[in-house]
Amino acid sequence: MPSTANLHGQITGNASSAKRPTMHYGKKDVFVYRTYAKPLKANKQIPESNFQERKNVLFGVDVQVALHGEAFLKNYTEGDNTDLVATDSMRNFIELSGGKIEYSTIDGFLFETAKGFLKQWPQIEQVDLAGQSVEFDDVAVEKDGKIENSGIMFRPRHTERPRASVSVRRNGDDFEIVNHISGITDIHLMKITGSAFKGFVQDEYTQLPEKEDRNLFIYVDIDWTYNNPEDGANLDTSNYVPAEQIRDIAATVFHELKNNSIQHLVYHIGLRILERFPQLKDVTYYTNNRTLKEVSDTVDGKGMVYTEPTLPYGFQAFTVTRDDLK
Ligand SMILES: O=c1[nH]c(=O)c2[nH]c(=O)[nH]c2[nH]1
C-alpha cells in the first residue's frame with residue numbers, strides 16, 4: 001500500500017517497496033509563511049467561477065513530512081542512530097525551502113521540497129509531504145475615500161483551505177511521484193430551499209420524516225488527482241487546477257440541482273469538475289451533513305426558524321471517475 005494523506009492531511013500507510021507494514025517517521029505542523037510568493041493564475045475561465053488569480057502575497061502552509069527507507073531500521077533494532085535524520089532537521093529543511101523555491105502552489109512547494117530531501121540525504125527512499133493552506137484574506141480598508149483591499153493587512157480564514165500531498169521515491173538518479181493528491185477542505189455550504197430527502201428505506205428503525213424540501217447544510221472536503229501527476233505538482237502551473245474553481249463549481253452545482261440527497265448532489269458536482277478539467281483523473285468527496293434542525297415556521301408564513309443540529313453527524317465518501325462521464 002503506498003502511503004497517502006488521509007482526510008485530515010495525516011500521512012498513513014507505507015512506502016510501496018517496504019518489507020514491513022509500517023516504518024516511517026517525521027514531523028507534523030511545520031508552519032511556513034512566505035510573503036510575496038509567485039501569483040497563481042487561472043489557466044482558463046469556466047462559467048461557474050470568476051476566479052482569476054491567487055495573489056500569494058501571504059502564502060501560509062501547515063506541512064507534515066514522513067521519511068521512509070530501510071536504512072532507518074537499525075535506529076529501531078540496534079539503537080544505532082547512524083543515518084537518522086533528526087525530525088528537527090526535517091523541520092529546518094522545510095522552513096528554509098520556503099524561501100528557496102519559486103512556487104505558486106502548495107503542490108509545487110511540496111514536490112520540490114520532497115526532491116530536495118532525497119538529494120540532501122541519500123539514505124531516504126521515499127518522502128511523503130502533506131500540506132494544508134493557512135488562508136488569509138486581504139482586509140478591505142479606507143484609502144483616499146475609497147474602500148479597497150489593504151494589500152498588506154490580512155485576516156485569517158478558517159474554512160476553504162486548499163491542500164495537497166505528494167509522495168516521491170528515489171528511482172536510480174531520478175525521482176518518481178508515487179502519489180499526488182490535490183484538494184480543498186471545509187467548504188461549508190447551505191442551501192435553504194431546493195433539496196429533498198425522501199423515498200429512503202422505511203422500517204422499524206426509521207424515525208426521520210421524509211422531506212419534499214429541506215434546508216441542506218454540508219461540510220465538504222474535495223480531493224482530486226491528475227492523469228499526469230506532474231501537471232499538479234510541477235512549478236509550471238500551465239495545467240494546474242486552482243482549488244478556487246473547484247469550490248465555485250461545487251457551489252454552482254449545489255445552487256442549480258434539485259437534489260434528492262447529498263449522495264446525488266456530490267455525484268453531479270464531481271461530473272461537472274471532470275467535464276471542465278480533462279486533465280483530472282478523479283474527484284473524491286468527504287461530506288458531513290450539518291443540516292439545521294427545524295424549530296418552527298415564522299408567523300408571516302414565509303420563513304422558518306432553525307437551530308444547530310445535534311450529534312451524531314452523517315457522512316458520505318465517494319470517488320467520481322472519468323468512467324462515470326460515459
Ligand atoms: O442527504 C442525505 N443522505 C443520507 O444518507 C441521509 N441520512 C439521513 O438521515 N439524512 C440524510 N441525508
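Read the numbers this way: they start at 1 and go in the same order the structure lists the ligands and their atoms. Residue numbers run from 1 in the order of the sequence given.
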Considering only heavy atoms of [X], which atoms of ligand 1 have at least one such atom less than 4.0 Å away?
| X | result |
| --- | --- |
| Q263 | 1 (O), 2 (C), 3 (N), 4 (C), 5 (O) |
| I262 | 1 (O), 2 (C) |
| S261 | 1 (O) |
| Q316 | 3 (N), 4 (C), 5 (O) |

**Asked** Is it the side chain (CB and beyond), the backbone, both or neither of N289 that lies under 4.0 Å from ligand 1, heavy atoms counted?
**Response**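 Only the side chain of N289 comes within reach of ligand 1.
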
**Message:** Using a 4.0 Å heavy-atom cut-off, which part of T291 comes near ligand 1: side chain, backbone, both, or neither?
**Reply:**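 No part of T291 is near ligand 1 at this cut-off.
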
**Request:** Around atom 9 (O) of ligand 1, find the nearest protein heavy atom and jot down its residue, atom name and distance.
**Result:**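 Checking every protein heavy atom, the shortest distance to atom 9 (O) of ligand 1 gives L208 CD2, 3.5 Å.
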
**Request:** For T193 and D213, test the side chains for any donor-to-acceptor distance below 3.5 angstrom and give the result as yes or no.
**Result:** yes

**Prompt:** Are any of the N/O atoms in R214 less than 3.5 Å from those in ligand 1?
**Reply:** yes

**Sub-3.5 Å N/O-N/O distance, F197 and ligand 1** =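 Checking ligand 1 against F197, no N or O pair falls under 3.5 Å apart.
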
**Message:** Check for me whether H264 has a heavy atom closer than 4.0 Å to any atom of ligand 1.
**Reply:** no

**K211 to ligand 1, any heavy atom closer than 4.0 Å** =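 No, K211 has no heavy atom closer than 4.0 Å to ligand 1.
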
**Asked** Does the separation of the ring centres of Y103 and F59 fall below 6.0 angstrom?
**Response** yes

**Message:** Less than 6.0 angstrom separating the ring centers of F315 and Y286, yes or no?
**Reply:** no

**Item:** Geometric cation-pi criterion, R290 with Y313: 6.0 Å, 45°
**Value:**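 Geometry flag: set, cation within 6.0 Å and 45°.
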
**Message:** Check for me whether K115 meets the cation-pi criterion with F111, that is, NZ or CZ under 6.0 Å from the six-membered ring centre and within 45 degrees of the ring axis.
**Reply:**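 The answer is yes; both the distance and angle limits are met.
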
**Prompt:** Is it true that a side-chain atom of N179 and a backbone atom of D128 form a donor plus acceptor pair closer than 3.5 Å?
**Reply:** no

**Prompt:** With distance as the sole test, does N56 use its side chain to make a donor-acceptor pair with the main-chain N or O of K38 at under 3.5 Å?
**Reply:**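 Between the backbone of K38 and the side chain of N56 there is a qualifying donor-acceptor contact (under 3.5 Å).
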
**Message:** Testing D138, V139, D137, V141 one by one against N149 for a side chain to side chain contact (heavy atoms under 4.5 Å, CB included), which residue passes?
**Reply:** D138

